[in-house]
Amino acid sequence: MEGLKDGIMETENTEARPLNFLEKIIEDDLKAGRVPDNVIVTRFPPEPNGYLHIGHIKSICINFGLAQKYGGRCHLRLDDTNPAKEDMEYINSIKSDIHWLGFDWGNYEYYASDYYDQLFDIAVRLIKEGKAYVDSLTPEEMKEYRGTLTEPGKNSPDRDRPIEENLDLFMRMKNGEFPEGKYTLRAKIDMASPNINMRDPALYRIKYAEHPRTGKKWCIYPMYDFTHPISDAIEGITHSICTLEFEDHRPAYDWATSIDGIEHAPHQYEFARLNINYCLMSKRKLLYLVQNNFVTGWDDPRMPTISGIRRRGYSPEAMKDFVSRVGVAKVEGVVDYSLMEFCVREDLNKRAKRLMAVLDPLKIIIDNYPEGQVEYFEAENNPEDPESGKHKVAFSKELYIEKEDFMENPVKGYHRLYPGNEIRLKHAYYVTAVSVDKDEDGRITAVHCTYDPESKGGTTADGRKVKGTSHWVSADHALVAEVRQYDKLFKAECPGQATGNYLDDLNPDSLVVIEKAYIEEEAGNAKPGDYLQFIRNGYYMADSKDSTPEHMVFNRTVTLKDSWSKMKAKMGL
RNA sequence: UGGGAUGUAGUGUAAUGGUAACACUGCAGAUUCUGGUUCUGCCUUUGGGGGUUCAAAUCCCUCCAUCCCAGCCA
């Protein structure tokens, strides 16, 4: 399997990299003999309430990567304890996204709902031991009783309910005798704890939502703080790794794993989640964008979801490299979007097939080229990879180049086509602009050139140099395609920071559609999944949903680095 | 102002008592049949203040800043 192979290579390559704090903990544990059978067991535990996003890639790489590096295993566990929000669609997308990244959980696919019976039995035992009670406080009352950050809470009147009564009520909760909200099961810990999570946390609540896996079997569902640590213990997880916001839950985690009868309690470790500027990494907000049609779906190429970036043309290798460059630590920071783009470009540069596409066409006519003649030139598929071969491109008297590649009155530093200047048409001939045709409004409709027949293939015997090389397509041979120029979804580094509403920072130019771009014939063979570079324009991929042989659609994955436009900006153009 | 965490170039991450570094960004230049790639160079760093020590990013004290927590969400 390709992904697995990559993973192993990655492990080998990173041998020299300094250990991150999780690796140090694991190596210490291994050395000290604290790991049962010396097998590291991690888990990736998403809640199936949305699509996985770039932030999850970090967690996936940490959990699967650690297991791979230390010869252990990583479980996939869907944390499905809130049927009101969860859905089979999400479960399926999560699995396919992890596979796309090249990771595999083998037979270790688990669901928190697999443990509902065991969890229930443990809850009953807690009640019998006087460590849990059924509470009739309403949500509002419970909030009141909980106290505040600075004041302790107070005990619920139901806290000392007799064990038998608790047992009876809990059974009746399970049997569906009460409406939602009527009762909860709570752990009896400490209402005065400075840690709010320890102020008698809810263990079970009543919910009549249909569960994607257990259907209507249950009407009470266990809470995260109860479910997660016990699920970890059941599966023999050795290192339970989560994000920083769960630090405050660690005492609750330890409380649950120290319940009598739970063997080899795992430990929870927390790392800083991945934040990237110009991106939103909140499932709730992403869901809002989807539901309100600010984007076309979870897999809109502008979305920071795994399915979105895949459709856009990002490669799993690039993203794994990105995550590894970001590193693992406990500092809450924001990574530059430019680092992600760098990783994507670096990977795509090695693998993308080079093609010519003219997105904003300007006709050029080679006056001294024979009418009706067609020549085919060989174009290398990828100069970075000599093994990648060549393909043919048709050349004829009438061609298109980019409007941007011609200036009637060139600015300083411009070394593309302008009257009297000679440039190279990539793979083909040297041409010199001689005159322009204009319409009655003075707009240029075509540029007349002459070519040097001695420059065939792009070089001349006299060895003279030209400063500019343009890509082009033959007007008679070009195919027409739709090109979707994607850019950042948000125009602000931190969406919502300025006005308090992230919708205000949506980038109005995040998608610019070019209905009719001219592409060379070879591009007609491109399929979704093929990494392409339209020379001098950027990296592209055929759209997996909308592209058909009759109407090809290409997504811009990322632009090329562009020092010319930077220079233009500096000159105020 | 309760509790939990975190502060190292613009950004991210190393250095665990012994010369503060790597990558990205930015800037400058060379190379180039992509103003891409590649190569070279430059810029900029230990939150503040004390203390211990021959020596502190690292240990101690203190102050400051930022983040997380008051769901019957995860």
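Chain letters run A, B, ... following the sequence lines, proteins first, then strands; residues in each count from 1. Treat the numbers as computed from the prediction; the structure is a model and nothing was measured.
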Using the [atom1] atom as the reference point in each nucleotide, state the distance between [N] and [M] in Å, no decimals.
{"N": "B:rU44", "M": "B:rU11", "atom1": "P", "result": "16 Å"}
{"N": "B:rU58", "M": "B:rU40", "atom1": "C1'", "result": "35 Å"}
{"N": "B:rA30", "M": "B:rG36", "atom1": "C1'", "result": "16 Å"}
{"N": "B:rU34", "M": "B:rA14", "atom1": "C1'", "result": "36 Å"}
{"N": "B:rG17", "M": "B:rC27", "atom1": "P", "result": "40 Å"}

Of all the choices, [options], which nucleotide is nearest to the side chain of [X] once you look at every atom?
{"X": "A:Arg536", "options": "B:rG35, B:rG36, B:rC24", "result": "B:rG35"}
{"X": "A:Asp248", "options": "B:rG35, B:rG4, B:rG36", "result": "B:rG4"}
{"X": "A:Thr150", "options": "B:rU1, B:rC68, B:rC27", "result": "B:rU1"}
{"X": "A:Ala329", "options": "B:rU13, B:rA74, B:rA15", "result": "B:rU13"}
{"X": "A:Pro194", "options": "B:rG3, B:rC73, B:rA70", "result": "B:rG3"}
{"X": "A:Arg325", "options": "B:rA74, B:rG26, B:rC24", "result": "B:rC24"}

Using a strict 4.0 Å threshold on nitrogen-to-oxygen distance, state whether A:Glu317 and A:Arg351 make a salt bridge.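 Salt bridge present between A:Glu317 and A:Arg351.
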Would B:rG26 be called syn or anti, given that syn covers angles within 90° of 0?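 Anti conformation here, the glycosidic angle of B:rG26 being more than 90° from 0.
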Stacking of A:His415 on B:rG35 base (centres under 5.5 Å, planes under 30°):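 A stacking contact exists, since A:His415 sits close and nearly parallel to the base ring of B:rG35.
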Under the criteria of a ring-centre distance below 5.5 Å and an interplanar angle below 30°, is A:Tyr224 stacked with the base of B:rA74?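 Here A:Tyr224 fails the 5.5 Å or the 30° condition.
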Could you check, using the six-membered ring where one of them is a Trp, whether A:Tyr115 and A:His228 have ring centers closer than 6.0 angstrom?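 No, ring centres 6.0 Å or more apart.
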Identify, between A:Asp135 and A:Arg354, the residue whose nearest nucleotide on RNA chain B lies closer to the 5' end.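 Mapping each residue to its closest nucleotide by heavy atoms, the 5'-most match is A:Arg354.
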Atom-to-atom span, CG of A:Asn82 to C1' of B:rA74 - whole angstrom: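 Distance check: A:Asn82 CG to B:rA74 C1' gives 8 Å.
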Rounded to whole Å, how long is the line connecting atom NZ of A:Lys561 with atom P of B:rU37?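 In whole Å, B:rU37 P and A:Lys561 NZ are 4 Å from each other.
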A:Asn175 side-chain N/O to A:Met171 backbone N/O, donor-acceptor pair under 3.5 Å: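 Such a contact is found between A:Asn175 side chain and A:Met171 backbone.
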Tell me which one of A:Tyr204, A:Tyr253, A:Phe246 satisfies ring pair (Phe, Tyr, Trp, His ring centres under 6.0 Å) with A:Tyr224.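 Answer to the ring pair (Phe, Tyr, Trp, His ring centres under 6.0 Å) test with A:Tyr224 among A:Tyr204, A:Tyr253, A:Phe246: A:Phe246.
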Mate of B:rA5 where both pairing distances stay under 3.5 Å, Watson-Crick or G-U: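 Across any shown strand, B:rA5 pairs with B:rU66.
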With both distances kept under 3.5 Å, what pairs with B:rG18, Watson-Crick or G-U wobble?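 Across any shown strand, B:rG18 pairs with B:rC54.
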So what does A:Ser565 touch, heavy atoms closer than 4.0 Å: a base, only the sugar-phosphate, or nothing?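 A:Ser565: no heavy atom of the nucleic acid under 4.0 Å.
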Any A:Arg146 side-chain nitrogen or oxygen under 4.0 Å from OP1 or OP2 of B:rC72: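 Indeed, a polar side-chain atom of A:Arg146 lies that close.
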Between the side chains of A:Glu375 and A:Tyr429, does any donor sit under 3.5 Å from an acceptor?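 Present: a donor and an acceptor within the cut-off.
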Are A:Lys392 and A:Phe377 in a cation-pi contact, defined as NZ or CZ under 6.0 Å from the six-membered ring centre and within 45° of the axis?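 Relative to the ring axis of A:Phe377, which defines the angle, A:Lys392 lies outside at least one limit.
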